[in-house]
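So that the names make sense, note that chain A is the first sequence line, chain B the second, and so on, each numbered from 1. All values below come from the heavy atoms of this structure, side chains included, with hydrogens, waters and symmetry mates left out.
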Amino acid sequence: MDEQARIMQTLGGVNLSGHPGQGGMTLPPPHGHDGTDVDGRKQDIGDILHQIMTITDQSLDEAQAKNRKHGLNCHRMKPALFSVLCEIKEKTGLSIRGAQEEEPPDPQLMRLDNMLLAEGVAGPEKGGGAAAAAAAAAASGGAAGDNSIEHSDYRAKLTQIRQIYHTELEKYEQACNEFTTHVMNLLREQSRTRPISPKEIERMVNIIHRKFSSIQMQLKQSTCEAVMILRSRFLDARRKRRNFSKQATEILNEYFYSHLSNPYPSEEAKEELAKKCSITVSQGVGTTITVSQVSNWFGNKRIRYKKNIGKFQEEANLYAAKTAVNAAHAVAAAVQNSQTNSPTTPNSGGYSAPCYQSDGRIQ
DNA sequence: TCTAATGATTTGAA
DNA sequence: TTCAAATCATTAGA
């Protein structure tokens with residue numbers, strides 16, 4: 001069956017009475033009720049279909065020729081015919097595509113949105129970055145001394161990411177709106193000469209929005225990655241390692257060398273050492289030192305001392321002498337205070353040669 | 001820029 | 001859980 005015959009057959013079901021819902025398709029009401037009018041209309045349809053088929057066979061330039069186009073546009077049956085053609089289009093290919101358009105929200109996009117919201121990048125700015133920084137600091141369990149500096153650094157970087165994200169998002173939205181308007185105008189313009197229904201335009205707009213939202217997803221993804229990198233840098237204590245102050249190291253070394261026979265401080269001793277070392281902070285030196293840092297320090301010291309006793313010998317002698325001098329001073333003070341008390345052995349808290357257990361542990 | 005020192009983390013054993 | 005040992009990552013000095 002050729003194209004013109006098929007269209008004619010389709011139009012055979014047109015409700016020419018002008019009452020919608022009976023024949024499925026609606027045409028403008030007839031001018032009269034006599035058979036001549038119906039014959040005239042059939043003639044009209046045949047005429048306009050002939051024009052369309054002629055244009056179809058022509059080149060674009062020929063088809064665009066003003067008189068032909070104008071003639072077609074001004075034909076009194078044109079709106080009815082376009083309405084029919086729109087319905088045919090709706091009921092064929094587009095309806096199949098339409099069924100696929102009802103997609104559930106993308107879980108990946110939802111995840112990204114939630115994360116950006118939680119990190120304070122998306123949504124209203126209400127100190128989300130600060131909260132995230134505080135949470136990160138709490139999770140890191142690190143020293144609190146320079147947390148405020150770290151927080152402001154983290155906040156500044158997060159704000160930067162937030163700004164870039166919003167600027168880019170705005171750009172995408174603007175571009176999307178501009179493109180949508182452009183396409184809508186184009187389709188509206190085209191709808192004068194092609195059967196394009198508003199529904200079809202709406203569908204096209206949805207397609208454009210989906211395309212742009214997939215671009216937005218890339219932006220969200222890269223923003224999330226940037227936040228994760230920033231977070232990991234903030235959380236990784238190794239990256240913000242600070243050497244202990246000289247005073248703190250001296251306190252720890254003094255304890256280590258004076259307890260060289262058993263350099264395993266108890267929990268109480270560790271707390272005491274951490275407290276002592278942290279006092280230096282109040283004197284404007286270094287950062288606070290936690291009990292776990294003291295544990296790390298002793299762990300490192302034991303293994304490094306054991307690995308290279310020779311290298312640490314000088315240091316050991318130095319602290320032994322220091323401890324001896326301190327003890328002597330203490331004794332002298334004690335003697336001065338109480339002539340009756342006999343002095344204790346000066347070396348009792350001093351250096352003692354290490355010995356190792358069979359399993360390798362320092363004894 | 002290279003390297004040693006050093007604080008932190010990971011892994012496996014007790 | 002604690003510790004030893006290995007390793008990582010950063011700092012500081014030459």
Side-chain angles (χ1 to χ4, degrees), chain A residues 132-158 160 225-323 351-363:
Chain A
S140 73
D146 53 351
N147 266 359
S148 57
I149 301 160
E150 297 283 349
H151 281 200
S152 60
D153 198 28
Y154 182 85
R155 267 203 304 275
K157 289 200 165 82
L158 201 67
Q160 222 174 332
E225 277 167 19
V227 172
M228 293 314 283
I229 289 165
L230 178 67
R231 219 175 144 78
S232 73
R233 288 187 81 85
F234 182 68
L235 280 169
D236 192 348
R238 276 187 293 204
R239 290 182 189 276
K240 55 171 185 178
R241 183 176 75 77
R242 298 275 182 280
N243 285 353
F244 294 167
S245 68
K246 221 170 178 180
Q247 286 88 333
T249 313
E250 269 188 22
I251 291 165
L252 294 169
N253 270 320
E254 268 177 38
Y255 186 96
F256 181 80
Y257 287 111
S258 63
H259 296 79
L260 206 49
S261 57
N262 184 36
Y264 300 91
S266 64
E267 203 59 29
E268 291 76 33
K270 283 182 199 170
E271 278 173 24
E272 187 64 31
L273 285 166
K275 213 181 285 177
K276 262 177 142 180
C277 292
S278 297
I279 290 170
T280 60
V281 178
S282 64
Q283 294 165 346
V285 185
T287 60
T288 50
I289 291 171
T290 64
V291 173
S292 72
Q293 282 178 297
V294 172
S295 297
N296 286 338
W297 189 92
F298 273 90
N300 284 321
K301 190 72 185 180
R302 278 192 300 265
I303 193 78
R304 283 163 188 166
Y305 178 85
K306 190 183 149 186
K307 266 186 176 174
N308 200 346
I309 296 173
K311 195 182 106 185
F312 287 97
Q313 197 57 57
E314 201 182 327
E315 193 179 65
N317 292 338
L318 194 81
Y319 280 100
K322 211 172 174 180
T323 311
Y351 170 76
S352 54
C355 54
Y356 293 95
Q357 293 174 334
S358 55
D359 63 358
R361 285 194 185 188
I362 300 173
Q363 210 169 29

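- For the pair A:I303 CD1 and B:dA5 P, the interatomic distance rounds to 16 Å; values are reported in whole Å.
- The shortest distance between the side-chain N/O atoms of A:R302 and the OP1/OP2 oxygens of C:dA4 is below 4.0 Å.
- In this structure, CG of A:N243 is placed 13 Å from P of B:dA5, rounded to the nearest angstrom.
- Residue A:N308 contributes atom CG, which lies 17 Å from atom P of C:dA4 at whole-angstrom precision.
- Looking at A:K276 and A:E271, no side-chain N of the basic residue comes within less than 4.0 Å of a carboxylate O on the acidic one, giving no salt bridge.
- Taken from CG in A:N300 to OG in A:S295, the straight-line distance is 11.0 Å, to the nearest 0.5 Å.
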Evaluation steps, ring-ring contact (aromatic ring centres under 6.0 Å, His included), between A:F256 and A:Y319: CA-CA 9 Å; A:F256 181 80; A:Y319 280 100; 9.5 Å; no
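- Rounded to whole angstrom, the span from the CG atom of A:N296 across to the C1' atom of C:dA5 amounts to 14 Å.
- As rounded to whole Å, 19 Å separates atom C1' of C:dC3 from atom OH of A:Y305.
- Dashed line: the shortest gap from a side-chain N or O of A:R242 to OP1 or OP2 of C:dT11 is under 4.0 Å.
- One interatomic measurement links the two molecules: CG of A:N300 to P of B:dG7, which rounds to 7 Å at whole-angstrom precision.
- The distance from atom CD1 of A:I289 to atom CG of A:L252, rounded to the nearest 0.5 Å, is 6.0 Å.
- In this structure, CG of A:L273 is placed 16 Å from C1' of B:dG7, rounded to the nearest angstrom.
- Taking side-chain N and O atoms only, A:Y264 has no distance below 4.0 Å to OP1 or OP2 of C:dT1.
- Distances were taken from every side-chain heavy atom of A:K307 (C-beta onward) to each of C:dA6, C:dA4, B:dG7; the shortest belongs to C:dA6.
- For the pair A:K311 NZ and B:dT3 C1', the interatomic distance rounds to 12 Å; values are reported in whole Å.
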